[in-house]
Structure formats: C-alpha cells, structure tokens
Amino acid sequence: MSADFSKPYDPKQTESEIYDLWEKSGCFNPDNLPVKKGSKSFVVYMPLPNVTGTLHVGHALDNTTPDILIRYYRMKGKRTLWLPGTDHAGIATQYVVEKQLKKEGKTRFDLGRERFIERVWEWKKEYGGKILEQLKKLGLSADWSRTRFTMDNVYAADVIDAFIHYYKKNMLYRGLRTVNWCPRCQTSLSDLELEYKEGQTMLYYIKYGPFTLATTRPETKFGDTGIAVHPRDPKYKQYVGKELEIESLSVEGSLDAPAKKKNNITVVADEAVDREFGTGAVKVTPAHDLTDFEIGNRHNLPLVQVIDERGRMNEKAGKYAGMKAEDARKKIVEDLKTVGLLEKDEPYAHNLAVCYRCGHAIEPIPSTQWFLKMSSGGGSASGGEGLAERALDVVKKKKVIIQPKNFEKTYVSWLSNIRDWTVSRQIWWGHQLPVWFCKNKKEEFSKREKENFVVVAEKPKVCPFCKECDMEQSPDVLDTWFSSALWPFAGLSKEDRKKYYPGNLVSNAREILNLWDARMIFSGLEFMGKIPFQNVLIHGTVLTKDGKRMSKSLGTGIDPLKYVDEYGADATRFAVIWQASGQDIRWDEAAVIAGRKFTNKIWNASRFVLEQTKDLKSPNPKPVAKTKADTKILKTLEKTKKNTGKYIESFQFSRALHELYDFFWHEFCDRYLEASKKQIENEKLKRNTQAILLYILKESLKMLHPFIPFITETIYREFPGSSSLLIIEKW
RNA sequence: GGACGCUUAGUUUAGUGGUAGAACGUCGCAUUCACAUUGCGAAGAUCGCAGGUUCGAUCCCUGCAGCGUCCACCA
C-alpha cells in the first residue's frame with residue numbers, strides 16, 4: 001500500500017487499511033509499547049456503551065477526546081491504556097428482547113427465566129459487539145484485547161463479591177419501597193415498561209379538617225399519613241409541621257370524630273407540590289404513590305399499605321377489605337357524600353399508567369428491596385465515613401477534578417442530599433443477588449434480625465435454617481449501575497490492577513455524572529482504597545442545528561458513521577472537536593465539510609513537499625533559518641508545538657485544533673510554501689529549504705495525528721526513511 | 001417542580017474590565033506553476049432587554065424576556 005498523490009485523498013480506501021496496520025502492530029496494547037522502564041502510565045476508562053445502543057454523535061464526543069489524549073501521551077512515551085467494554089444494561093436489554101418476543105406472540109413468562117436469559121445471551125452475541133465495531137471506524141486506539149462485558153464471568157464474580165462485601169460490612173439492608181406493580185402480571189415494572197393511556201377520571205375534592213384536598217384516588221385515603229403543601233404557599237403556612245386530628249371517613253364508612261382518630265396526619269412542606277393543582281394541598285399516601293413515597297421519605301412519614309398485590313383493599317380498609325381498588329373507590333365516594341365530606345367532583349383528563357404488556361392499570365405498592373447505605377448518618381456500622389462522604393471529600397480536596405468546574409456543584413449537591421441506593425431490581429437480565437432463602441421459613445418480609453436467608457456466592461449445600469430444604473435464590477437482580485460502578489477495576493484483570501489502577505480519566509456526558517462517575521469514585525475508594533481517576537471530563541450535549549435534543553424517536557438523531565462514510569473518519573473527528581469548544585454543541589454538517597477540506601489541504605501540501613524534496617539525499621537534514629521566511633516558520637512552529645501540547649494537556653482540544661489549523665493552513669501553506677518556491681530556485685538556499693519543508697511537515701503531522709490519525713499516518717508512510725508508524729513516533 | 005446553562009456578524013461560534021476574533025456563507029479580484037475541497041481582498045456585530053457597580057462593561061451584580069439541556073414528576 002502506498003499513497004497515490006495523483007488523486008485526491010480517498011479516506012474510504014485508506015482508513016480501514018491503516019486501522020488494520022495499527023491493530024496488527026499491537027500498539028493499542030500498553031504491554032507492547034516500546035516505552036522506557038519506569039515511564040508513567042496513562043489510563044482512560046471508556047464510558048460503557050449499552051449493548052442495545054446505536055451509535056450517535058454523543059459517542060463520537062465521548063470517545064474522540066480520550067483518543068486524542070491517548071494518542072498524544074502514547075507519542076509522549078507514556079504507557080497508555082484505553083479500556084473498552086460494554087454494559088449489559090439490564091432493563092434496556094431485557095426490554096429490547098421482550099419486544100422481539102412480542103413479535104413472535106410470546107412473553108418472557110412463556111419462556112421462563114432460564115430460557116429467557118439464554119435468549120438474551122443469544123441476542124447479545126449477535127448484536128452486543130456491534131457498537132464497538134462501529135466505534136472502531138472512528139479510529140479509536142483502545143486496547144480491544146482487553147474488552148470486557150459487565151456480565152462476563154470474571155466481571156460477574158467481582159460484582160457478587162462487592163455485594164457480599166457490603167453485606168458483611170452491614171451496609172446493605174432490606175426495606176420497603178413503593179414500586180410500580182402490575183396486579184395482573186404480578187410483577188413490578190420499570191419506568192420503561194410503563195405505557196401511558198389518556199383517560200378521563202374524576203377529581204374528588206375531599207374535606208380534610210381545615211383543608212380541602214383534590215385526589216383521583218380516594219380509596220387510598222386509609223393509607224394517608226400526611227398532607228403536603230408547597231413551602232412558599234402562604235395559605236397553609238400556619239399548619240406546616242403540625243399533626244392534625246381530622247374529622248374523616250372511618251373504615252366502617254361512617255363519620256369519625258376527631259378524637260377517635262388513631263392515625264393522625266402530619267402537614268409537611270415539600271417542593272414537589274404543585275401550588276396550582278387542585279387546592280394546592282395534597283394528601284400523601286407513601287404506600288401507593290411513587291411521589292408520595294418520596295415525600296414520605298423526606299419527612300419521615302409512616303408507610304401504611306391498604307392495597308395488596310392483587311389490587312384489592314386489605315384488612316386495614318375495614319369494611320372495604322377484599323374489594324378491588326376501583327370498586328372500593330366508588331363505594332368510598334358514595335360514603336363520603338353521605339357523611340358530607342365530599343365537597344365536589346369534576347371530570348379530569350390525565351395520563352393513566354398501564355402495564356406495557358397486558359394493559360392493566362398499574363398499582364403502586366410497597367415491596368421489599370435491598371438498599372445500600374450511602375451515608376454514615378443513620379447508624380452505619382462501618383464506623384468512619386460513608387460512601388457519599390468519601391466521594392465528596394476527594395472532590396472537595398481536588399483529588400478528583402471535575403471539568404468544567406460548575407459540574408462540581410451538581411455532584412456535591414447530589415451526594416450531599418443523597419438517600420440510600422436501591423440496588424435491587426425485579427427483572428431477569430442482570431446479576432442475580434447472591435441471596436439464598438430457606439424454603440421452609442418463608443416470611444413476607446425479613447430484616448436481618450429474623451433471618452431466613454444467607455448471603456454467599458454459592459448456594460449452600462445444607463440450609464442453615466431447616467437443614468433439609470433446597471435453598472432458593474432471590475429472583476432479584478442488581479441495578480445495572482451497581483456493576484458499572486466497579487468498571488475501573490472490575491474491567492481489569494487482577495494482574496492489570498497492579499499496573500493500571502488507578503487510571504487517569506473518564507469523559508462522558510453530564511447526565512451520568514452522578515449515576516456513574518460518582519458511583520465509580522466511591523466504589524473505587526471502597527474496594528481499591530484509592531480514587532479510580534483524577535479527571536472527570538464532562539462534555540456538552542450534542543444538539544441539532546436548531547438547538548433541539550437529538551433523539552431517535554424524533555428522527556433528529558445523527559449517526560456519525562454517515563459522515564465517516566461520506567467524508568472520512570478524520571473529517572468527522574475534526575468536526576466533533578472543532579465544534580466542542582464551549583457548552584452544548586449545535587451540530588453543523590458544515591464542520592465536517594470543513595474537516596474534509598482541511599484533510600485535502602494537508603494531502604496536497606504533502607504532495608508538494610514530498611515532490612519538492614525527492615532529490616534530498618539525507619532524509620533528516622538539520623534545518624537552519626537562513627531567510628526571513630525560514631525564521632518565521634521555524635519560530636511559529638515552536639510556538640504552535642508549545643501551545644498545542646499545553647492545550648491538549650489542559651483538555652482544551654478545540655483550541656488546540658484551531659491553533660493547528662491556523663498554523664498549517666495559513667502559516668505553512670499560504671506563506672511558507674509559497675516562499676519556498678522561490679527559495680528552491682536559489683541553489684544556495686535549495687537544500688536548506690527542502691530540509692525545512694520536510695521538517696515542518698513532519699512535525700505538523702505529529703501534532704495533527706491525535707486529532708486526524710488516518711491521513712497523517714498515511715502521509716507519514718511516504719516519508720523518506722520512515723520505518724516506524726507515526727502512532728508511536730516521538731511527539 | 002428542581003438543577004444547570006445559553007442569548008456576540010446571515011449561520012455556527014471564540015473571547016477579554018478599556019467597544020470584538022474566527023469558520024461557513026455573501027460580494028469583488030486572481031489563477032496553466034501542490035490544492036477550485038484554491039489564493040488575495042472586501043462588506044457585515046449599537047456583544048437579548050432594563051437597571052446597578054465602575055473613570056470605563058459585551059465581560060461583574062440585580063431584575064426581565066426568550067431559548068435549551070438534564071433530573072424528577074403530573075397526586
């Protein structure tokens with residue numbers, strides 16, 4: 001293969017050949033790099049793309065900047081590792097496969113858990129590697145030989161160990177949490193699995209002591225433990241913090257005198273209340289509404305469950321017990337009318353959440369979940385500081401630097417107000433909890449003190465409780481983020497951890513700063529005793545040209561491969577970096593075209609330089625400044641080199657690229673190349689001018705290589721006497 | 001509802017306490033000599049609005065308006 005300068009640069013032809021060359025050279029793997037002994041490593045953890053993901057411009061942003069750093073530091077002689085992998089993305093993947101099944105007229109229940117999971121693995125085998133293959137087209141120099149999937153056996157073992165570790169440290173506990181429940185499918189549903197149906201219901205205005213409350217669900221009133229108002233609402237200010245004895249409907253369906261009321265209601269002020277809705281005050285039923293559950297959590301309101309798993313009123317509902325919630329509603333409304341507590345009702349259109357599978361109305365009910373303690377407050381037995389405090393500390397002490405700086409605020413406020421992390425999920429695809437229950441000692445809900453389960457990696461041969469049953473594993477799986485939080489070390493082999501942990505950097509979009517970055521930080525501290533990386537780079541969101549969000553469903557998403565195909569990977573990378581200068585990016589195809597023009601310029605300038613210097617015997621003659629033009633270009637080169645390095649090291653990639661663009665195009669091509677034409681005609685200046693041309697071009701290619709690696713490598717191969725690859729050339 | 005951000009030439013944007021740089025586009029000129037995916041040159045910005053701080057603000061503060069993103073959610 002050699003470059004054909006008689007034709008315009010054709011990225012399509014060369015890019016895949018060059019990429020093969022790099023892969024074959026093994027230089028993506030830090031263990032193969034010709035680095036000096038004792039030289040430092042530079043490690044980047046790739047944001048794990050979901051196996052269900054399709055490539056979008058955001059991925060190009062996520063990955064182009066680390067690639068620049070990796071290539072730069074590789075050329076600077078560091079041992080560079082860029083660790084790639086994919087995430088099993090629990091709910092998202094399960095959802096995709098279930099949709100596939102639906103087309104065949106089946107549900108996951110038809111297959112059963114085991115066969116369903118097999119089916120997901122099949123799906124993963126077929127599509128799971130696709131996104132990484134697409135990423136390679138952008139020219140990323142990640143070490144693919146180390147690629148891991150968050151459900152690989154070795155990775156899974158670490159995930160299970162982590163769970164057991166937390167359990168032993170008394171940082172995991174079981175508790176109730178209100179979840180979306182389908183009474184027909186008998187399963188909890190994630191947000192993804194909800195569908196919304198527009199419906200007409202009634203909004204009932206119920207008298208509640210000094211309040212009138214609007215609700216669509218009067219049947220949950222027996223589970224009410226609070227009334228919430230907006231903190232800045234002057235109407236209700238006087239009641240906030242008071243516990244009220246309220247004249248209300250009794251479970252016998254009659255009027256309850258205030259004195260007889262057992263469960264009094266606390267008035268709380270909460271930001272979640274919409275002052276404009278209804279009367280501006282709402283009843284709080286933590287057991288049967290997700291928002292109310294959050295409010296209850298914030299104000300320590302008790303949880304009173306009045307509807308059961310089958311969607312029927314339970315014994316707490318007195319004479320209404322056993323009735324379906326819907327029927328109970330009618331009856332209760334009647335009774336409220338009779339006792340004079342119903343002020344009015346009006347029709348109300350709202351979105352009703354239904355099960356995506358069977359269409360049944362979902363019923364929020366409390367269910368047992370596993371929680372990971374985030375904070376030392378609340379009697380953590382781990383002594384010292386909790387996970388959140390430690391993650392906060394390293395950022396406050398600047399051991400971990402979040403850039404741009406203002407995202408530090410987001411991070412700090414999230415961790416400062418954090419609640420314990422619900423790590424269990426009621427789906428099938430994921431890391432199943434290493435929790436084993438005794439079949440003979442079943443309890444609805446068991447806290448530690450009256451255990452009927454053990455937490456161990458392998459199923460115990462003999463049940464420690466009844467000594468005779470075949471223990472049953474908890475059907476729950478872990479939240480996907482629980483496993484991806486371990487990525488900086490679970491992604492590495494035990495051997496690698498000694499060499500490549502801690503790493504240096506992650507680069508991702510802002511929406512996963514808390515979901516992922518924060519959790520990697522505290523997991524790293526907990527399990528490795530060290531921060532996983534010093535730098536968190538948050539890049540802007542890629543928007544459409546008119547400033548709208550890119551989304552697949554709106555048809556505004558953009559596949560960067562379209563540009564790779566049309567203009568080349570270099571031009572695409574150029575466009576991404578060129579535009580990623582400030583905040584969010586309004587993606588403009590014009591930038592890709594500018595990138596292609598630039599690569600074309602480089603191509604032609606290189607052709608000129610290589611032709612002009614063909615007769616130069618010594619491949620690397622020392623250039624000297626003999627003319628004004630010589631002095632100028634050599635000086636400017638030094639300045640550009642210095643600035644480019646400075647900008648790359650401080651993550652100002654766009655600035656670096658603009659500087660390089662300016663230098664190459666305007667200083668080198670427009671000025672020096674033109675001047676060189678005359679100088680070469682002068683025999684006295686000829687040799688030296690040739691030497692300068694070659695030298696400037698070579699140095700330019702090096703500086704440009706991290707940004708536009710393909711074309712620079714292609715041209716470098718044409719250099720007289722170049723034996724090695726540009727990718728490992730000294731910067 | 002919460003958090004964060006944006007508002008600078010036709011468009012996309014950079015930037016600084018002393019009235020602004022660029023890219024694309026537009027217009028004019030040039031060009032057999034690396035490149036028309038070119039070169040040279042020109043026009044084009046009261047730096048969202050209203051106050052304030054300051055000798056002086058596009059840059060700092062306050063308010064307003066518009067736009068957007070993320071998170072939470074619609075009782």
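Numbered from 1 within each chain, the chains take letters A, B, ... in sequence-line order.
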Distance under 6.0 Å and angle within 45° of ring axis: A/Lys344 vs A/Tyr205: yes
Short side-chain N/O contact from A/Arg596 to OP1 or OP2 of B/U37, under 4.0 Å: no
Rounded distance in Å between the P positions of B/G68 and B/U13: 14 Å
Distance in angstrom units between A/Asp662 CG and B/A22 C1', rounded: 8 Å
Minimum-distance nucleotide (side-chain atoms of A/Asn600 versus B/U37, B/A34, B/C24): B/U37
Separation of the P atoms in B/A9 and B/A22, to the nearest angstrom: 15 Å
Sugar-phosphate only, base, or nothing, as touched by A/Asn514 at under 4.0 Å among non-hydrogen atoms: nothing
Of A/Arg586 and A/His666, the one whose closest RNA chain B nucleotide lies more 5': A/Arg586
Rounded P spacing from B/U26 to B/G10 in Å: 15 Å
Test: A/Lys642 cationic atom under 6.0 Å from A/Tyr647 six-membered ring centre, within 45° of axis: no
Sugar-phosphate only, base, or nothing, as touched by A/Glu674 at under 4.0 Å among non-hydrogen atoms: base
A/Ala594 vs A/Arg607, nearer the 5' end of RNA chain B by closest nucleotide: A/Ala594
Aromatic ring pairing A/Phe598/A/Tyr661, orientation class (parallel under 30°, perpendicular over 60°, tilted between): tilted
Nearest-nucleotide pick for A/Thr216, side chain only, options being B/A75, B/C4, B/U12: B/A75
Structure string for RNA chain B in dot-bracket form, Watson-Crick and G-U at under 3.5 Å, | interchain: (((((((..((((.......)))).((((((....).))))).....(((((.......))))))))))))....
Sugar-phosphate, base or nothing in reach of A/Lys677, heavy atoms under 4.0 Å: base
Touch class at under 4.0 angstrom, heavy-atom based, for A/Thr410 against every strand present: nothing
Length of the CZ-C1' vector between A/Arg671 and B/C40, whole Å: 11 Å
Gap in Å between the two C1' atoms, one belonging to B/C29 and one to B/A43, rounded: 14 Å
Among B/C70, B/A34, B/G39, the one nearest A/Trp665 by side-chain distance: B/G39
Distance in angstrom units between A/Lys597 NZ and B/C35 C1', rounded: 12 Å
A/Asp588 CG - B/U13 P separation (whole Å): 8 Å
Atom P, compared across B/A57 and B/A30: separation rounded to whole Å: 47 Å
A/Glu649 and A/Lys646 ion-paired at < 4.0 Å: no
Check: A/Val268 and A/Leu301 side chains under 4.5 Å, non-hydrogen atoms: yes
Nearest-angstrom distance from the residue atom NE2 of A/His539 to C1' of B/C70: 13 Å
Trace of the side-chain contact (heavy atoms from CB on, under 4.5 Å) decision for A/Tyr672 with A/Thr689: CA-CA 10 Å; A/Tyr672 194 74; A/Thr689 303; 3.8 Å; yes
salt_bridge(A/Glu219, A/Arg217) N-O dist < 4.0 Å: yes
P atoms of B/A34 and B/U19, separation to the nearest Å: 43 Å
Rounded distance in Å - CG (A/Asn180) to C1' (B/C74): 14 Å
Ring-ring centroid check A/Phe707 A/Phe574, cutoff 6.0 Å: no
Candidates B/U37, B/C74, B/U12 - which lies nearest the side chain of A/Asp289: B/C74
Among B/C24, B/C40, B/A23, the nucleotide that comes nearest once only the side chain of A/Asp670 is considered: B/C40
Sugar-phosphate only, base, or nothing, as touched by A/Leu543 at under 4.0 Å among non-hydrogen atoms: sugar-phosphate
Geometric cation-pi criterion A/Arg573 and A/Trp578, 6.0 Å radius, 45° cone: no
Closest nucleotide among B/A75, B/C4, B/U38 to the A/Lys601 side chain: B/U38
Parallel, tilted or perpendicular: ring planes of A/Phe651 versus A/Phe653, cut at 30 and 60 degrees: tilted
Spacing of the C1' atoms in B/U12 and B/C4 (rounded, Å): 22 Å
Value in whole Å for how far the C1' atom of B/G15 lies from CD of A/Glu659: 15 Å
Atom-pair distance (CZ on A/Phe664; P on B/G39), nearest Å: 12 Å
Whole-angstrom distance between B/C6 and B/U58, as gauged at atom C1': 15 Å
Nearest listed nucleotide, side chain of A/Arg510, among B/A34, B/A75, B/U69: B/U69
